[in-house]
Q: 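One structure is given below, represented as structure tokens, and several questions about it will come after.
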Amino acid sequence: MQFSTMSSLSPVQAPEHILQLLSKLHRVSLEQEVAIADKGKVFSSEVLDDLENIHGIEGSRNAFDQLMLDKFIALDADKCQFVYQLINAMGATNVVEAGTSFGVSTIYLALAVAQTKAATGKPGIVIATEKEREKAEAARKYWAHCGDIVEQQIDLREGDLLETLKAGLPRVDLLLLDIWSSLALPTLKVVQPYLRHGAVVLADNTISSAKGYADLLSYLQNPKNGFRNMTLPFTNGLEMSVYLPGSQ
Ligand SMILES: C[S@@+](CC[C@H](N)C(=O)[O-])C[C@H]1O[C@@H](n2cnc3c(N)ncnc32)[C@H](O)[C@@H]1O
């Protein structure tokens with residue numbers, strides 16, 4: 001199979017049709033966010049606050065879900081490339097993605113896991129999660145367009161991830177939290193028992209959404225929970241924590 005790189009600055013190696021799809025999907029995602037968010041980027045806690053002013057606490061959650069139903073809210077391309085690099089650097093083969101949407105970041109995770117599996121000979125899987133049936137269906141179509149190299153690496157669990165991640169997880173090398181901020185800590189607590197020593201946990205937008213992530217950040221920063229934590233200076237922040245229980 002012929003592999004190309006996204007651009008001279010991207011580390012991602014994949015067949016040309018996948019790189020073209022990724023560029024297109026990132027573009028659509030950014031256009032959607034500019035159209036609905038004042039800051040040109042969707043931060044779930046801020047959008048929810050705005051909707052609460054219109055619909056009240058009760059109605060805002062439903063209005064938020066409706067608004068997000070056709071939105072990608074994809075992880076930024078540079079962050080996706082970083083996760084791809086990290087998976088290859090760690091030799092990570094078991095990855096959990098909390099929040100899959102239309103499956104853009106998942107494609108990077110799958111491409112990287114295909115490579116680490118080939119390099120290490122270990123088994124592995126990308127466990128993806130999405131509660132909206134329509135989004136899951138669309139994600140599967142994009143992955144099918146990518147082909148076996150992507151499709152075969154993914155176990156998509158449809159439904160509420162606080163339920164779907166409760167059982168059947170392997171020893172997890174990397175957890176990507178790309179989910180509404182209020183769900184990040186509950187998700188981490190579900191996955192934490194499966195994290196291997198040295199596992200990496202990433203969470204998106206932790207600078208811009210520091211308020212929404214207050215509980216997650218204080219949990220990660222409390223040494224008794226086993227994490228060593230830092231904020232990477234990507235746009236809006238990307239939290240990187242390494243799970244090293246017993247070493248504090
Ligand atoms: C920020 S988007 C994920 C974007 C994706 N990682 C990407 O880069 O393309 C978050 C997604 O999480 C989904 N989600 C929200 N709550 C969920 C839950 N309880 N269980 C599973 N998925 C959920 C939303 O429907 C939304 O599609």
Side-chain angles (χ1 to χ4, degrees), residues 12 18 21-33 36-37 41-48 51 60-84 87 95-112 126-143 145-146 150 154-166 169 174-191 201-206 208-209 212-213 216 234-239:
V12 177
I18 299 182
L21 177 71
L22 288 171
S23 300
K24 185 180 105 185
L25 298 184
H26 279 298
R27 193 179 62 247
V28 175
S29 180
L30 290 174
E31 284 168 4
Q32 286 182 334
E33 290 194 64
I36 60 168
K41 201 77 196 129
V42 168
F43 304 119
S44 56
S45 54
E46 288 184 17
V47 178
L48 265 165
L51 289 170
S60 62
R61 178 56 63 182
N62 195 29
F64 180 76
D65 283 349
Q66 283 307 311
L67 181 65
M68 292 301 143
L69 209 49
D70 65 342
K71 307 296 183 301
F72 280 77
I73 325 287
L75 191 66
D76 292 338
D78 58 349
K79 294 174 179 172
C80 287
Q81 291 165 13
F82 172 71
V83 187
Y84 171 95
I87 290 171
V95 173
V96 175
E97 177 179 64
T100 289
S101 189
F102 293 110
V104 179
S105 50
T106 331
I107 294 174
Y108 292 84
L109 305 181
L111 288 168
V126 174
I127 297 174
T129 54
E130 181 48 58
K131 76 178 166 81
E132 304 292 355
R133 195 179 43 78
E134 296 90 333
K135 286 186 141 184
E137 217 169 274
R140 285 187 205 282
K141 284 191 188 146
Y142 291 129
W143 301 335
H145 176 80
C146 293
V150 164
I154 303 170
D155 165 12
L156 173 59
R157 301 191 179 182
E158 286 185 48
D160 180 355
L161 54 73
L162 297 180
E163 294 303 321
T164 62
L165 292 179
K166 266 187 185 156
L169 289 190
L174 185 139
L175 167 64
L176 172 60
L177 294 167
D178 192 20
I179 191 80
W180 314 146
S181 51
S182 61
L183 271 171
L185 181 57
T187 306
L188 174 61
K189 287 185 175 169
V190 171
V191 179
V201 175
L202 298 167
D204 192 25
N205 293 332
T206 47
S208 319
S209 298
Y213 279 123
L216 175 79
F234 283 92
T235 306
N236 301 310
L238 182 71
E239 209 66 17

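Basis for what follows: all heavy atoms, side chains included, without hydrogens, waters or symmetry-related copies. Numbering of ligands and ligand atoms starts at 1, following listing order.
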Q: Would you find a donor on one side and an acceptor on the other, under 3.5 Å apart, between the side chain of Thr129 and the backbone of Glu97?
A: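 Side chain of Thr129 to backbone of Glu97: a pair is present.
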
Q: Against heavy atoms of Gly159, which atoms of ligand 1 measure under 4.0 Å?
A: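 Every atom of ligand 1 under 4.0 Å from some heavy atom of Gly159: 20 (N), 21 (C).
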
Q: Considering non-hydrogen atoms only, spot the tightest contact between Leu48 and Phe64 and give its length.
A: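 Taking Leu48 first and Phe64 second, the nearest heavy atoms are CD2-CB, 3.8 Å.
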
Q: What's the shortest distance from atom 19 (N) of ligand 1 to any protein heavy atom, and which residue and atom give it?
A: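 Checked against all protein heavy atoms, atom 19 (N) of ligand 1 sits closest to Asp160 OD1, 3.0 Å.
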
Q: Taking the six-membered ring for Trp, are Tyr142 and Phe102 parallel (under 30°), tilted (30 to 60°) or perpendicular (over 60°)?
A: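 Plane angle over 60°, so perpendicular.
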
Q: Which label fits Tyr84 and Tyr108: parallel for a plane angle under 30°, tilted from 30 to 60°, or perpendicular past 60°?
A: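 The rings of Tyr84 and Tyr108 stand perpendicular, inter-plane angle above 60°.
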
Q: Mark up the atoms of ligand 1 that fall under 4.0 Å of a heavy atom belonging to Gly99, in ascending order.
A: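 What qualifies from ligand 1 is 3 (C), 5 (C), 6 (N), 11 (C), 12 (O).
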
Q: So is there a nitrogen or oxygen of Phe72 less than 3.5 Å from a nitrogen or oxygen in ligand 1?
A: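 No: no nitrogen or oxygen of Phe72 is under 3.5 Å from one in ligand 1.
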
Q: Can you pull out the closest protein heavy atom to atom 7 (C) of ligand 1? Residue, atom name and distance to 0.1 Å, please.
A: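 It is Ser105 OG, 3.1 Å.
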
Q: If you look at every heavy atom in Lys41 and Asp76, which pair is closest and at what distance?
A: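 Heavy-atom minimum between the residues: NZ-OD1, 3.0 Å.
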
Q: Is there a side-chain contact between Ile127 and Thr164 in this structure, where contact means two heavy atoms from C-beta onward sitting under 4.5 Å apart?
A: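 Side chain of Ile127 against side chain of Thr164, heavy atoms only: no contact under 4.5 Å found.
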
Q: What atoms in ligand 1 come closer than 4.0 Å to a heavy atom of Lys135?
A: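 Answer for ligand 1: 26 (C), 27 (O).
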
Q: Check each heavy atom of Thr100 against ligand 1 and say whether those closer than 4.0 Å belong to the side chain, the backbone, both or neither.
A: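 Thr100 to ligand 1: backbone contact only, side chain stays beyond 4.0 Å.
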
Q: Show the nearest heavy-atom pair for residues Gly237 and Lys79, with the distance to one decimal.
A: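 Answer, listing the atom of Gly237 first, then Lys79: O-NZ, 3.5 Å.
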
Q: When rounded to the nearest 0.5 angstrom, what distance separates CG in Asp204 from CG in Leu177?
A: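 Reported to 0.5 Å precision, the distance equals 10.0 Å.
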
Q: Only heavy atoms count here, so choose which of Arg157, Met68, Lys131 is nearest to atom 22 (N) of ligand 1.
A: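 Checking each option, the heavy atom nearest atom 22 (N) of ligand 1 is found in Lys131.
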
Q: Nearest protein heavy-atom contact for atom 10 (C) of ligand 1: which residue, which atom, what distance?
A: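 Its nearest protein heavy-atom neighbour is Asp178 O, 3.3 Å.
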
Q: Looking only at heavy atoms of Glu97, does any of them come nearer than 4.0 Å to an atom of ligand 1?
A: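 Yes, Glu97 has heavy atoms under 4.0 Å from ligand 1.
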
Q: Do any N/O atoms on Glu130 end up under 3.5 angstrom from N/O atoms on ligand 1?
A: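 Yes, Glu130 has an N/O under 3.5 Å of an N/O on ligand 1.
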
Q: If the cut-off is 4.0 Å to any non-hydrogen atom of Ile179, which atoms of ligand 1 fall inside it?
A: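 With Ile179 as reference, the close atoms of ligand 1 come out as 12 (O), 14 (N), 15 (C), 16 (N), 17 (C), 23 (C).
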
Q: Return the closest protein heavy atom for atom 20 (N) of ligand 1 as residue, atom name and distance.
A: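 Answer for atom 20 (N) of ligand 1: Leu161 N, 2.9 Å.
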
Q: Within the 4.0 Å heavy-atom shell around Leu183, which atoms of ligand 1 are there?
A: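 Taking each heavy atom of Leu183 in turn, ligand 1 has 16 (N), 17 (C), 19 (N) under 4.0 Å.
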
Q: At what distance, to the nearest 0.5 angstrom, does NE2 of His26 lie from CG of Leu21?
A: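 So the gap between those two atoms works out to 9.5 Å.
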
Q: Show the atoms of ligand 1 that are less than 4.0 angstrom away from any heavy atom in Leu75.
A: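 What qualifies from ligand 1 is 7 (C), 8 (O).
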
Q: Closest heavy-atom contact between Lys135 and Met68?
A: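 Smallest heavy-atom distance, with atoms named: NZ-O, 3.0 Å.
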
Q: Which atoms of ligand 1 have any heavy atom of Ala74 under 4.0 Å away?
A: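 Counting atoms of ligand 1 from 1, those under 4.0 Å from Ala74 are 7 (C), 8 (O), 9 (O).
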
Q: List the closest protein heavy-atom neighbour of atom 15 (C) of ligand 1: residue, atom name, distance to the nearest 0.1 Å.
A: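 It is Trp180 NE1, 3.2 Å.
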
Q: Grab the two heavy atoms, one from Glu33 and one from Val42, that are nearest each other, plus how far apart they are.
A: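 So the two residues come closest at OE1-N, 2.7 Å.
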
Q: Give yes or no for whether the N/O distance cutoff of 3.5 Å, strictly under, is met between Phe102 and ligand 1.
A: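 No; every N/O pair is 3.5 Å or more apart.
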
Q: Do you know which two heavy atoms are closest between Leu51 and Ala63, and how far apart they sit?
A: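 Scanning both residues, the minimum pair turns out to be CD1-C, 4.0 Å.
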
Q: Which atoms from ligand 1 have a heavy atom of Glu132 less than 4.0 Å away?
A: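 Contacts of ligand 1 toward Glu132, numbered from 1: 25 (O).
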
Q: Nearest protein heavy atom to atom 9 (O) of ligand 1, by residue and atom, and its distance?
A: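 Atom 9 (O) of ligand 1 sits closest to the protein heavy atom Val104 N, 3.3 Å.
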
